K.L.:
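Can you read through this structure? Questions will come right after.
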Amino acid sequence: MLTLLSMISLGVILLIMLGRWIQPYSKRKPIYQWSLNDYGGHLVRGLSVFWAAGERSTYRMDRLHEEAGRDPKREPEGLGIVDAPYLDDPDDPRGKLDPPRPRDEDPDVDPDQPPRPSV
C-alpha cells in the first residue's frame with residue numbers, strides 16, 4: 001500500500017512539474033508563492049499535455065486505418081502534392097544531380113585570370 005501511495009504522489013508531483021514547465025515563463029510565480037489554485041492549475045495543465053498527445057495519436061491511428069483499408073490500385077490522397085511535375089520533366093534541372101566536375105578545377109578561380117602574387 002505504501003508503494004502505491006508513493007507512486008501516486010510521485011505521479012502527481014511530476015504532473016505538477018510538467019504543468020509548470022509548459023507554462024509561459026512570464027506567468028510563472030516562484031514556488032514559495034503558490035496557492036492551492038496554482039497546484040491545481042499546474043496539475044490540470046500537465047494532464048492536458050497527455051490528453052492532447054492521446055488525441056493526436058488517436059487521429060494518426062484513424063488515418064492509418066483509413067489508409068490500410070483503401071484500394072491498393074488507387075493512389076493515396078495528397079500524393080499529387082508531394083510528386084511535383086518537375087520530377088517527370090527530363091529538361092528541368094530541379095531534382096537532378098549536378099554533373100561531376102574534375103577535381104583539379106577550383107570553381108572560385110577564373111582560368112583566364114593570372115594568379116595573384118602573395119604578399
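These numbers were taken from a predicted model, which means no experiment stands behind them.
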K.L.:
Under the rule for side-chain contact (heavy atoms from CB on, under 4.5 Å), what residues qualify as partners of Arg60, not counting sequence neighbours?
P.N.:
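Partners of Arg60 by the side-chain contact (heavy atoms from CB on, under 4.5 Å) criterion, ordered by chain and then number, come out as Arg56.
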K.L.:
Output all residues satisfying side-chain hydrogen bond (donor to acceptor under 3.5 Å, both in side chains) with Gln33, sequence neighbours left out; order by chain, then residue number.
P.N.:
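Per chain and number, Gln33 pairs via side-chain hydrogen bond (donor to acceptor under 3.5 Å, both in side chains) with no residue.
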K.L.:
In terms of hydrophobic clusters joined by side-chain contacts under 4.5 Å, are Ile16 and Trp51 together?
P.N.:
no
K.L.:
Answer yes if Val49 and Ile13 sit in the same cluster of Ile, Leu, Val, Met, Phe, Trp and Tyr residues linked by side chain heavy atoms under 4.5 Å apart, and no otherwise.
P.N.:
no
K.L.:
Rounded to the nearest 0.5 Å, what's the gap from CZ on Arg28 to CH2 on Trp21? Could you check?
P.N.:
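These two atoms lie 9.0 Å from each other.
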K.L.:
Sorted by first residue and then second, give each side chain to side chain donor-acceptor pair (under 3.5 Å) pair with at least one member in residues 2-16; sequence neighbours left out.
P.N.:
none
K.L.:
Using a side-chain heavy atom cutoff under 4.5 Å and only I, L, V, M, F, W and Y, what cluster partners does Tyr25 have?
P.N.:
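None; Tyr25 is a cluster of one.
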K.L.:
Under the side-chain contact (heavy atoms from CB on, under 4.5 Å) rule, collect the residues that match up with Leu15, sequence neighbours excluded.
P.N.:
Leu43, Leu47, Phe50
K.L.:
Quick one: list whatever passes side-chain hydrogen bond (donor to acceptor under 3.5 Å, both in side chains) with Trp34, sequence neighbours left out.
P.N.:
none
K.L.:
Tell me which pairs pass salt bridge (Lys or Arg N to Asp or Glu O under 4.0 Å) where either residue lies in residues 42-54, with sequence neighbours left out.
P.N.:
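Salt bridge (Lys or Arg N to Asp or Glu O under 4.0 Å) check on residues 42-54 returns no pairs.
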K.L.:
Each residue besides Leu64 in its hydrophobic cluster should be listed here, by chain and number; the cluster joins Ile, Leu, Val, Met, Phe, Trp and Tyr at side-chain heavy-atom distances under 4.5 Å.
P.N.:
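Direct or chained contacts put Leu64 with Met61.
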K.L.:
Quick one: side-chain contact (heavy atoms from CB on, under 4.5 Å) partners of Leu14, sequence neighbours excluded?
P.N.:
Leu10, Met17
K.L.:
Which residues satisfy the side-chain contact (heavy atoms from CB on, under 4.5 Å) test with Thr58, sequence neighbours excluded?
P.N.:
Asp62
K.L.:
What about Ile22 and Val44, same hydrophobic cluster or not, with Ile/Leu/Val/Met/Phe/Trp/Tyr joined at side-chain heavy-atom distances under 4.5 Å?
P.N.:
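Different clusters: Ile22 never reaches Val44 through Ile, Leu, Val, Met, Phe, Trp or Tyr contacts under 4.5 Å.
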K.L.:
Calculate, to the nearest 0.5 Å, the distance between atoms CG and NE2 belonging to Asn37 and His42 respectively.
P.N.:
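Those atoms lie 10.5 Å apart.
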K.L.:
Output every pair passing salt bridge (Lys or Arg N to Asp or Glu O under 4.0 Å) with a member in residues 16-26, not counting sequence neighbours, ordered by first then second residue.
P.N.:
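Listed once each, the pairs would be none.
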